[in-house]
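This report concerns only the one structure given below.
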Amino acid sequence: MGVRVEAPVKAAGQSSHVSIYDEFIHETLKPNEFLVYEALQKSKSPLKAYDILEELHEKGLRAPMTIYRALDALIGKGCVKKIASLNAYIAITPEVASEARAFLICRKCAQVKEVILDGEKLTALFSPMTVDGDNLTVEVFAECFQVCRDT
């Protein structure tokens with residue numbers, strides 16, 4: 001999955017706009033963090049740290065600690081979440097980083113769908129318990145709808 005950041009196309013004579021999200025990414029991420037974030041964004045599924053290292057090796061990142069430092073910083077900035085059950089990472093939108101979310105993980109193909117859990121969904125999911133939704137992450141294993149289920 002991942003979040004795709006694309007700059008708007010500027011037609012002749014038009015001014016381009018830059019979203020708060022684009023500004024955040026370009027102004028707050030250090031070069032290594034940006035490379036790691038970009039690799040996670042482009043991936044169709046969560047990546048393990050060593051997969052990121054392998055992908056970025058040709059861009060000059062060769063030490064595992066460089067990747068782990070960048071991942072820790074990205075998690076701290078709300079750009080990345082770790083999917084603990086897979087020991088892998090996924091890019092998220094910083095604008096909703098503190099929201100509760102569920103990751104629906106296909107047990108066959110490992111694709112991940114992210115679902116933001118609002119108060120109503122949290123109440124339905126955890127009733128009758130009381131849950132603090134800030135930074136709550138739920139991981140659910142299932143099979144892709146119609147894709148992996150039919151194979």
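Positions are given from 1, in the same order as the sequence printed here.
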Determine, stepwise, if the pair Y89 / K48 fulfils side chain to side chain contact (heavy atoms under 4.5 Å, CB included). CA-CA 6 Å; Y89 302 85; K48 295 179 182 257; 6.0 Å; no
Could you give me the CA-CA distance, side-chain angles and deciding distance for F34 and K30, then say whether side chain to side chain contact (heavy atoms under 4.5 Å, CB included) is met? CA-CA 6 Å; F34 183 79; K30 295 176 181 174; over 6 Å; no
Yes or no on side-chain hydrogen bond (donor to acceptor under 3.5 Å, both in side chains) for E139 and S85, after CA distance, side-chain angles and deciding distance? CA-CA 8 Å; E139 300 175 15; S85 58; 2.4 Å; yes
Run the side chain to side chain contact (heavy atoms under 4.5 Å, CB included) check on L86 and F141 step by step: do they pass? CA-CA 11 Å; L86 298 177; F141 282 85; 3.9 Å; yes
Stepwise, does the side chain to side chain contact (heavy atoms under 4.5 Å, CB included) test hold for V138 with L117? CA-CA 9 Å; V138 177; L117 300 173; 4.3 Å; yes
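Atoms CD and SG, from Q111 and C144 in turn, are 5.5 Å apart once rounded to the nearest 0.5 Å. We find the CD-CZ distance between E143 and R107 to be 5.5 Å, quoted to the nearest 0.5 Å. Here CD of E38 is found 12.5 Å from OG of S43. Values are rounded to the nearest 0.5 Å. Atom CD of residue E54 and atom OH of residue Y50 lie 12.0 Å apart, to the nearest 0.5 angstrom.
A donor-acceptor pair is defined here as one N or O able to donate and one able to accept, closer than 3.5 Å; such a pair exists between the side chain of K77 and the backbone of T28.
When all heavy atoms are compared, the tightest approach of L61 to L53 is O-CD1, 3.4 Å. A73 approaches E33 most closely through the heavy-atom pair CB-OE2, 3.1 Å. Residue S45 comes nearest to A110 through the heavy atom pair CB-O, 3.7 Å, listed as atom of the first residue, atom of the second, then distance.
Applying the salt bridge (charged side-chain N to carboxylate O under 4.0 Å, His left out) rule to E55 yields no partners; only residues at least two apart in sequence or on another chain are considered.
Residues M65 and I67 do not share a hydrophobic cluster, defined by chaining ILVMFWY side chains whose heavy atoms lie under 4.5 Å apart.
Residues L40 and I90 fail the side-chain proximity criterion, which asks for heavy atoms closer than 4.5 Å. Put simply, the side chain of F103 does not reach to within 4.5 Å of the side chain of V140, judged on heavy atoms. In this structure the side chain of I83 reaches within 4.5 angstrom of the side chain of I105, judged on heavy atoms. Within the 4.5 Å cutoff, the side chain of E114 has heavy atoms near those of the I116 side chain.
A side chain to side chain contact (heavy atoms under 4.5 Å, CB included) with C79 holds for exactly one of I92, L71, V36, L74; it is L74.
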